[in-house]
Amino acid sequence: MYIKLIITVGNIKGGVGKSTLACNIATALSLLSPDSGVLLIDGDKQGSAADFAQSRTDLLGKAGFTCVRAQGKEVVNQVVTMREKFSHIVIDAGGQDNPSLRAGLVVSDIVLVPVAPRSFETWALENMATLIEEATITNPNLKAFGILNLAFPKGSDNDQTHLIIREDYPLLELIEPPVVQRKAFSDAVGQGLCVLEIKPKNHDAIRELGSLLKGIGISEKDIKVIYNGSTKKA
Ligand SMILES: Nc1ncnc2c1ncn2[C@@H]1O[C@H](COP(=O)(O)OP(=O)(O)OP(=O)(O)O)[C@@H](O)[C@H]1O
Ligand SMILES: [Mg+2]
């Protein structure tokens with residue numbers, strides 16, 4: 001039996017990979033079992049996650065998960081009415097301090113905050129941390145994770161950003177290793193695939209997604225099932 005997970009992928013900062021990670025997580029969880037029932041809520045007016053689901057359906061005949069678009073308190077309504085029907089719910093909350101992000105934080109077990117290891121992105125973390133703190137007043141069990149995305153393949157920037165998060169934002173539990181900026185991630189989402197499914201396989205990217213799934217509480221056993229599911233489909 002799976003642990004039900006309601007996860008918001010959110011950060012006030014734009015372009016840090018919220019949609020990319022939300023789509024990869026939702027697709028990976030949908031590979032756990034054809035019946036696992038994953039709901040991906042696209043809370044962003046841009047509709048990137050919904051576009052991803054459409055590309056996936058065009059390519060494969062079906063997305064393998066249900067995707068709905070919802071904004072603001074409609075996100076809360078979706079979660080409240082759908083939580084019994086789905087094993088996992090992933091919310092792409094969109095950029096900026098928007099009602100969907102605030103709504104997601106109130107109804108989720110987990111908020112995953114992608115952070116790019118660049119100055120503007122780390123400076124913007126303060127506002128995100130405040131939003132999370134405010135949300136925990138009504139949702140005290142909300143668990144907040146940070147992950148570096150669009151990380152550099154080498155150099156000290158990733159470590160420096162980890163240090164900033166550890167020292168200044170202890171409410172964010174860091175998931176390591178970082179998700180590196182890799183063509184495999186952008187190519188995969190562009191095709192409606194998660195990085196487990198794209199060919200040629202990029203094993204570093206696959207490992208990074210595996211670590212991310214483990215970090216948010218997916219068991220090693222289920223991660224193996226996900227890998228096998230993606231291999232079978234490939
Ligand atoms: N790990 C990665 N490697 C390579 N490209 C990435 C990675 N993560 C994200 N990208 C690319 O970076 C761009 C921004 O990613 P994405 O749209 O997921 O960010 P976002 O935070 O959802 O943006 P927005 O705030 O506009 O919603 C996209 O072109 C995406 O393909
Ligand atoms: Mg987005």
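For ligands, and for the atoms within them, numbers begin at 1 and follow the listed sequence.
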(request) Evaluate the side-chain proximity of Arg102 to Asp97: yes if any heavy-atom separation is below 4.5 Å, no if none is. (result) yes
(message) Distance under 4.0 Å to a non-hydrogen atom of Gln46: what atoms of ligand 1 satisfy this?
(response) 24 (P), 26 (O), 27 (O)
(request) Identify the two heavy atoms, one from Ser108 and one from Ile7, that lie closest to each other, and give their separation to 0.1 Å. (result) OG-C, 4.0 Å
(request) Supply the atom-to-atom distance Asn24 CG to Leu212 CG, rounded to the nearest 0.5 angstrom. (result) 8.5 Å
(request) Mark whether atom 15 (O) of ligand 1 lies under 4.0 angstrom from at least one protein heavy atom. (result) yes
(message) Tell me the protein heavy atom at minimum distance from atom 3 (N) of ligand 1, and give that distance in Å.
(response) Arg182 N, 2.9 Å
(request) Identify the protein heavy atom lying closest to atom 20 (P) of ligand 1, giving its residue, its atom name and the separation to 0.1 Å. (result) Lys18 N, 3.5 Å
(request) Provide, to 0.1 Å, the distance between atom 19 (O) of ligand 1 and the closest protein heavy atom, together with that atom's residue and name. (result) Gly17 N, 3.0 Å
(message) Is any side-chain heavy atom of Ile164 closer than 4.5 Å to one of Tyr169?
(response) yes
(request) Indicate yes or no: does an N/O atom of Gly14 lie under 3.5 Å from an N/O atom of ligand 1? (result) no
(request) Could you check if a side-chain atom of Ile12 sits within less than 4.5 angstrom of a side-chain atom of Leu101, using non-hydrogen atoms only? (result) yes
(request) Please determine, by modelled atom types, if Gln46 and Asp44 share a side-chain donor-acceptor pair under 3.5 angstrom. (result) yes
(message) Only heavy atoms of Asn149, strictly under 4.0 Å: list the atoms of ligand 1 that pass.
(response) 1 (N), 2 (C), 7 (C), 8 (N), 9 (C)
(message) Heavy atoms only: which of Asp44, Val195, Leu150, Val189 lies closest to atom 6 (C) of ligand 1?
(response) Leu150
(request) Work out whether the distance between some heavy atom of Val180 and some atom of ligand 1 is less than 4.0 Å. (result) yes
(message) With respect to the Mg ion (ligand 2), please indicate if Gln46 possesses an N, O or S atom at a distance under 2.8 Å.
(response) no
(request) May I ask whether Gly15 has any heavy atom positioned less than 4.0 angstrom from an atom of ligand 1? (result) yes
(request) Could you tell me whether atom 30 (C) of ligand 1 has at least one protein heavy atom nearer than 4.0 Å? (result) yes
(request) Enter the distance from Leu193:CG to Asp187:CG here, rounded to the nearest 0.5 Å. (result) 10.0 Å
(message) Which heavy atom of Val111 sits nearest to which heavy atom of Ile132, and what is that distance?
(response) CG1-CD1, 4.1 Å
(message) With heavy-atom distances below 4.0 Å as the criterion, list the atoms of ligand 1 near Val179.
(response) 1 (N)
(message) If we ignore hydrogens and angles and just use 3.5 Å, is the side chain of Asp157 paired with the main-chain N or O of Arg118 as donor and acceptor?
(response) no
(request) Do me a favour and list the nearest non-hydrogen protein atom to atom 2 (C) of ligand 1 with residue, atom name and distance? (result) Phe185 CB, 3.6 Å
(message) Among all the protein's non-hydrogen atoms, which is closest to atom 28 (C) of ligand 1, and how far away is it?
(response) Thr20 OG1, 4.6 Å
(message) Once rounded to the nearest 0.5 Å, what's the spacing between atom CE of Met128 and atom NZ of Lys13?
(response) 13.5 Å
(request) Establish whether Ile218 and Val9 are linked, either directly or via other cluster members, by ILVMFWY side-chain heavy-atom contacts under 4.5 Å. (result) yes
(message) How far is atom 17 (O) of ligand 1 from the closest protein heavy atom, and which atom is that?
(response) Ser19 CB, 4.3 Å
(message) If you measure every N or O of Gln181 against every N or O of ligand 1, does any of those distances drop under 3.5 Å?
(response) no
